[in-house]
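I have placed the structure first, in the form of structure tokens, so that the comments after it can refer back to it.
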Amino acid sequence: MNVLPKGVRHIPQRLDRQEQEALVDRIRECVARAPLFAPKMPRTGKPLSVRMTNCGELGWVADEGGYRYQPHHPVTGDAWPEMPHELLNLWQEVSGYDAPPEACLVNFYSETAKMGLHQDRDEDDFDAPVVSVSLGDDCLFRVGERVRGGRTTSIRLRSGDVVVLGGEGRLSYHGVDRIYPATSTLLKNGGRINLTLRRVTKPSAT
DNA sequence: TAGTCCCT
DNA sequence: ACCA
């Protein structure tokens, strides 16, 4: 029996179909203003297989300059679109963290896209959890420990599932090994969208 | 090492 | 494992 690492919480079907559709509408609006861009590996410039954009005050970007959060789109230079209130509500209900998320990374996975095992460690605040929402096709999600080479466990994520990496699970290695094509009807053109909500800065003490 | 490749 |  393979159990998820401590601090990793999988909430199956946290969002019903109607909520998922509403979120997809919000994300479409975001993408219309902040087009998907192609992130690159810092050292090598190798492109990641996902395409991404962000909403919220800060957005995660990856290019030759490194991994970082910045307040503007790397191509258009515009501020990121506002975080949809649905996501602020979800964060409030699920994160157990007082301050709101500052960044929502929107990752689009085609049928062939993957995400290698990695840690979310570009934030200043590791006290806040990372909240992830799956929309569209199923995927095989792998979670490990806080060190490379530790044991990993895999679970299938479906549209509407939410995963929370908090506490001891906050720095767990995780990634997406594969997309299961045509397993959802949510996205007309197929594929998978992952939304990752993160607190970047430590909340100020006022 | 948010990558690929290759092996079990 | 990779050798940057």
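Below, chain A is the first sequence line, B the second, and so on; all start at residue 1. Nothing here was measured: the structure is a model prediction, and the numbers come from that model.
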Determine, step by step, whether A:Asn107 and A:Thr196 satisfy the side-chain hydrogen bond (donor to acceptor under 3.5 Å, both in side chains) criterion, reporting the C-alpha distance in whole Å, the side-chain angles of both residues, the deciding distance to 0.1 Å, and the verdict. CA-CA 8 Å; A:Asn107 280 153; A:Thr196 312; 4.9 Å; no
Check: A:Arg192/A:Ser134 side-chain N/O donor and acceptor closer than 3.5 Å: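 Note: A:Arg192 and A:Ser134 side chains meet the donor-acceptor criterion.
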Please indicate whether A:Glu86 has more than 12 foreign heavy atoms, meaning atoms of other residues, nucleotides or ligands, lying under 6.0 Å from its CD.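 Result for CD/A:Glu86: enclosed.
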Using 30° and 60° as the class boundaries, would you call the ring planes of A:Phe141 and A:His174 parallel, tilted or perpendicular?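 Aromatic pair A:Phe141/A:His174 classed tilted.
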Which of parallel (below 30°), tilted (30 to 60°) and perpendicular (above 60°) describes A:His73 and A:Phe37?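 Plane angle over 60°, so perpendicular.
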Nucleotide-resolved protein contact map, nucleotides 1-8 of chain B, B/S/- at heavy-atom distance under 4.0 Å: BBS-----
Given that both distances must come in under 3.5 Å, which nucleotide forms a Watson-Crick or G-U wobble pair with B:dG3?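 The base-pairing partner of B:dG3, which may sit in any strand shown, is C:dC2.
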